[in-house]
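When reading the values below, keep in mind they use all heavy atoms of this one structure, side chains included, and skip hydrogens, waters and symmetry mates.
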Protein chains: 2
Amino acid sequence: MTHSDTVSRILDSAESLFAERGFAETSLRSITAQAEVNLAAVNYHFGSKKSLIQAVFARFFTPFYQMIESSLDVHEKRYPDDILSVEEILKFVSRAISKVSEGDRRRLAIFMRLLGLAYNQGQGHLRKFLQNEYRAVSRRVMELITKATPELKAEERFWRIHFMLGAAAFTLSNMEHLRAIFEHDFNAPCTEEDVIAMLMPFLGAGVRAKSGL
Amino acid sequence: MTHSDTVSRILDSAESLFAERGFAETSLRSITAQAEVNLAAVNYHFGSKKSLIQAVFARFFTPFYQMIESSLDVHEKRYPDDILSVEEILKFVSRAISKVSEGDRRRLAIFMRLLGLAYNQGQGHLRKFLQNEYRAVSRRVMELITKATPELKAEERFWRIHFMLGAAAFTLSNMEHLRAIFEHDFNAPCTEEDVIAMLMPFLGAGVRAKSGL
DNA sequence: TCTTAATTCAAACGTCTGTTTCAAACATAC
DNA sequence: GTATGTTTGAAACAGACGTTTGAATTAAGA
């Protein structure tokens, strides 16, 4: 068993258990048991539980943000001065998410669940960590949205961006529960892609709503 | 110190600490310390930590749902057969929230934070508890929304209701953080009422968006 | 006032937590 | 093969946790 094998086995187990139970509710012992590695391996390779949590996020978010960056670069090179619509911007984001979680169906749900947890657990440590770590990309997306919604006052745009983030994070992070309820109520299947396809026009119409001020 | 005094002191402390840190991250010792009561009082009066958590929610949600129920009753008696718009339905809900948290500014934030946590912590125990406990009222609101959006297919309405719930729960439960960011970025004050006023048209436009199917 | 029940209190219980220790096993280079 | 640095392993650590106990205190009714 090579070094990186142990590390990634820990990350795999931590990722799924964190998404399933939350951070405080997941013990290092349950992680190392599922990963079939020694308990001490976590502190040896990551230093602490806190650092492990950050490492789990970094493994998710770094390729995600890189994907957005590069696809935006490609687009801007091909169509300079093109102004994207909100829906098109969201498409870039959702495509990046799909690419990152490619192959493993479960990873999309995990990704979103972790995003939701980052905002709701641990007194905001994770939120601050992510904000500092990926400031550049979020700035860039924010500026694109600003260009896409010139009619909005900056203050109102700020809030609407967070309304969008909230609707997306909440829905997608509870995707599994909600889909179960849906399939029970309607006796019909419903894929993640279906939900995302319905989410887009909701968000688009929301940001373009007549001002409430 | 009478019986109910100890009980409500525990509930007060638990409420604010849960909202601040989450459930697993809040110990009974920190709750009883802040409440200035004995540690054993929690298990004596509530039986367990789990029951205490449910009691905290019940104290919040019972008057909240009763407020909605009664105000809807009044309205339907005065204007039978009146079909409410989505915005009007949301007004009923938000007014009920305001009434319940009347007096204490902090309670609105706590209320929402708890709602967000209920969906994101503890493997969904709380979500199920709330769903079972307050099934009647949520059904009633759902039916009103159905009447308000006859053009939507039932499946799409299901998801849009949850998109709304998500945007509201996420935004309002992170209200304190978001307001801090806002006031830093814009050097301008921003009240809870301002945010809610901006949230309404966003949600209204979202549910009325052209179908994405 | 005496009795009885309800409540508070300090202390302890057993269990689980993240972390540390240090020897054993491993890999790598000379 | 020996020496060196890296990784694993079993065990133990100290501390925090929710819960229980049983005696002390308070409140209430007859």
A.B. asks: Nearest to the side chain of His45(B) - dT7(D), dA10(D), dT7(C)?
C.D. replies: dT7(C)

A.B. asks: Does Thr6(B) put a side-chain nitrogen or oxygen below 4.0 Å from OP1 or OP2 of dT8(C)?
C.D. replies: yes

A.B. asks: Give one of base, sugar-phosphate or nothing for Ala41(A), where a contact means two heavy atoms less than 4.0 Å apart.
C.D. replies: nothing

A.B. asks: Can you tell me the distance, in whole Å, between the OH atom of Tyr44(B) and the P atom of dA6(C)?
C.D. replies: 7 Å

A.B. asks: Can you name the residues that form a side chain to side chain donor-acceptor pair (under 3.5 Å) with Thr149(A), not counting sequence neighbours?
C.D. replies: Arg157(A)

A.B. asks: Got a list of protein N/O to nucleotides 15-18 of chain C N/O distances below 3.5 Å?
C.D. replies:
residue: dT17(C); atom: OP1; partner: Ser27(A); partner atom: OG; Å: 3.3
residue: dG18(C); atom: OP1; partner: Lys49(A); partner atom: NZ; Å: 2.8
residue: dG18(C); atom: OP2; partner: Leu28(A); partner atom: N; Å: 2.9
residue: dG18(C); atom: N7; partner: Arg29(A); partner atom: NH1; Å: 2.8
residue: dG18(C); atom: O6; partner: Arg29(A); partner atom: NH2; Å: 2.8

A.B. asks: Starting at CG of Asn38(B) and ending at C1' of dG18(D), how long is that distance when rounded to a whole Å?
C.D. replies: 14 Å

A.B. asks: In whole Å, what is the span from the CD1 atom of Ile53(B) to the C1' atom of dG18(D)?
C.D. replies: 12 Å

A.B. asks: Which residues satisfy the salt bridge (charged side-chain N to carboxylate O under 4.0 Å, His left out) test with Arg140(B), sequence neighbours excluded?
C.D. replies: Glu69(B), Asp73(B), Glu76(B)

A.B. asks: With sequence neighbours left out, which residue pairs that include part of residues 165-174 of chain A fulfil the side-chain hydrogen bond (donor to acceptor under 3.5 Å, both in side chains) condition?
C.D. replies: none

A.B. asks: Can you list everything that forms a side-chain contact (heavy atoms from CB on, under 4.5 Å) with Ser48(B)? Sequence neighbours excluded, please.
C.D. replies: Lys50(B), Ser51(B)

A.B. asks: Tell me every residue that passes salt bridge (charged side-chain N to carboxylate O under 4.0 Å, His left out) with Asp12(B), counting only those two or more places apart in sequence or in another chain.
C.D. replies: Arg59(B)

A.B. asks: Please answer whether the main-chain N or O of Ala40(A) pairs with a side-chain N or O of Asn43(A) as donor and acceptor at a distance below 3.5 Å.
C.D. replies: no

A.B. asks: For Glu36(A) and dT8(D), give me the distance from atom CD to atom P, rounded to whole Å.
C.D. replies: 14 Å

